[in-house]
Amino acid sequence: MPELPEVQTIVGDLLPHLTGRTITDVRLAWPKAVAAPDVEGFVLGLRGQRIVGMERRGKYIALALESGRYLVLHLKMTGALLWRQASDPPDRFTRTVFALDGGHELRFTDIRKFGRLWLVDDLAQALPALGPEPLDGAFTAERLAQALKGRRAPIKACLCDQKVVAGVGNIYADEALFLAGVHPLRRADGLRRAEVARLRDSIVTVLEQGIRNRGTSFDTYRDGHGNKGSNQLAVRVYQRDGEPCPRCGTAIRRTVVGQRSAHFCPNCQPRRPLKRGLAAP
DNA sequence: AAGAGACCCTGGATGC
DNA sequence: TGCATCCAGGGTCTCT
């Protein structure tokens, strides 16, 4: 499940290879992945186009084309983007192949077929309204507090809301809540100022750690060369239910928040907030 | 407006 | 061994 650190790793891997390359052909094995325009317009609009840039916004990848348009991709749950040679053996679950000059290929693989592709004139046509980039200076505790104001939903659900902060998903939300000592079911608008500040710092910490470890590969995530990341070895609570909390030894628990699994330490992340003035865990 | 729930998908795990 | 069922979950959409 690629989240910000995984998408960032992929972009970092592919950017030096793709920049300056020309897309010579597009082969669609699963045309339904094309969200816009129609399939023919998508292929014709890409064929012959030189790639002039590549960037990440939230969990989206945008390739800037010579024409001024953008090829936008979202990997959703199981998508991967692989830098390959045309002569390399085929990759399982390849849904789209972007053939490139020089005998190279950019392969989009996706087991569950949730990933989507767009070819747009303007990034806003593909990207929904997204909250601040968490690794930008703009993502401050004040900004997070503002986004959580009036939100009665569980804090875990709000952290995964891309309008609150862009790029955080299930894994890093669980990890950030643990580091901040905040229970995932706490009402978002019930967090104290100091807790919101801790949460902001924890989000930055876990995302930066994820990037340093080149992403979390619990199952399908692969980087731009098809290799696993190592952050799954560094997570503190995600998918560790039943194992001892790394801080206090209490068994990690799993619950469901907003139809998604949530992992937490019932001791370090109490359901009720600590009294004002008590030291943070 | 916010939040809850359905939906899209399929490999792998589990159950009988 | 073989078949059926369940589960994971990001984001979008609909409904309340």
Side-chain angles (χ1 to χ4, degrees), chain A residues 1-10 28-36 56-62 72-81 90-96 108-118 120 123-131 133-134 144-177 184-191 203 207 210 215-222 228 232 235 237-242 253-264:
Chain A
M1 45 217 80
E3 303 178 29
L4 186 153
E6 290 74 31
V7 177
Q8 186 68 48
T9 301
I10 291 168
L28 294 166
W30 177 251
K32 277 178 75 174
V34 178
R56 179 194 60 74
R57 176 75 175 97
K59 303 175 193 174
Y60 291 80
I61 296 170
V72 178
L73 305 97
H74 196 299
L75 304 175
K76 294 287 181 88
M77 298 291 301
T78 58
L81 273 182
D91 290 282
R92 277 189 89 187
F93 313 115
T94 297
R95 309 298 183 195
T96 304
F108 169 60
T109 67
D110 187 14
I111 297 173
R112 287 182 209 164
K113 299 180 174 175
F114 282 4
R116 288 294 176 265
L117 316 169
W118 297 258
V120 291
L123 278 187
Q125 290 176 256
L127 271 50
L130 294 171
E133 283 293 330
L144 180 58
Q146 193 62 37
L148 298 178
K149 210 171 161 186
R151 298 290 297 261
R152 304 163 62 90
I155 182 62
K156 166 76 188 281
C158 290
L159 289 187
C160 292
D161 180 346
Q162 301 301 294
K163 291 189 288 297
V164 171
V165 53
V168 174
N170 217 28
I171 298 173
Y172 295 96
D174 277 3
E175 293 297 303
L177 286 165
L185 283 169
R186 295 267 307 279
R187 246 177 69 163
D189 65 357
L191 266 58
I203 290 167
L207 292 176
T216 307
S217 292
F218 269 109
D219 46 325
T220 58
Y221 164 70
R222 296 294 183 273
K228 290 188 176 193
Q232 65 281 9
V235 297
V237 290
Y238 186 76
Q239 284 194 8
R240 291 197 182 281
D241 35 319
R253 289 243 289 271
R254 177 186 179 279
T255 185
V256 174
V257 182
Q259 303 180 91
R260 305 288 188 261
S261 64
H263 310 78
F264 65 100

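As a basis for the values below, the full set of heavy atoms in this structure was taken, side chains included, without hydrogen atoms, waters or symmetry mates. Just so you know, these numbers come straight off a predicted model, no measurement behind them. Residue numbering restarts at 1 for every chain, and letters A, B, ... go by the order of the sequence lines.
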Which comes earlier along DNA chain C counting from the 5' end, the contact point of A:Thr78 or that of A:Ala126, where each point is its nearest nucleotide?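 First, find each residue's nearest nucleotide; the 5'-ward one identifies A:Thr78.
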Need to verify one output field. Residue with the more 5' nearest nucleotide on DNA chain C, A:Lys59 or A:Arg254?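 Whichever sits nearer the 5' end wins; that is A:Arg254.
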Got a sec: does the CZ of A:Arg57 have more than 12 other heavy atoms crowding it under 6.0 Å?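 More than 12 within 6.0 Å, yes.
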Just call it for A:Tyr238: base, sugar-phosphate, or nothing, with non-hydrogen atoms closer than 4.0 Å on any strand.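 Answer is sugar-phosphate: A:Tyr238 comes under 4.0 Å of backbone atoms only.
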Which is true for A:Pro2 with a 4.0 Å heavy-atom rule: it touches a base, it touches only sugar-phosphate, or it touches nothing?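 No contact.
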Contacts of type salt bridge (charged side-chain N to carboxylate O under 4.0 Å, His left out), residue A:Arg152, not counting sequence neighbours: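 Once residues adjacent in sequence are excluded, A:Arg152 has no partner under the salt bridge (charged side-chain N to carboxylate O under 4.0 Å, His left out) criterion.
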Pair A:Glu6-A:Tyr172, side-chain donor/acceptor within less than 3.5 Å: yes
Mind checking whether A:Trp118 and A:Tyr60 have parallel, tilted or perpendicular rings, split at 30° and 60°? tilted
Nucleic acid footprint by protein, nucleotides 2-14 of chain B - heavy-atom cut-off 4.0 Å, B for base, S for sugar-phosphate alone: -S-BB-BBBS---
Would you say [X] and [Y] make side-chain contact, with heavy atoms under 4.5 Å?
| X | Y | value |
| --- | --- | --- |
| A:Ile171 | A:Gln239 | no |
| A:Val237 | A:Glu175 | yes |
| A:Phe264 | A:Thr255 | yes |

Chain A on DNA chain C: first and last contacting nucleotide, 5' to 3', under 4.0 Å to a heavy atom? C:dA8 to C:dT12
Out of A:Asp110, A:Val34, A:Leu117, A:Thr109, which residue meets the side chain to side chain contact (heavy atoms under 4.5 Å, CB included) rule with A:Thr96?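 Option passing the side chain to side chain contact (heavy atoms under 4.5 Å, CB included) with A:Thr96: A:Leu117.
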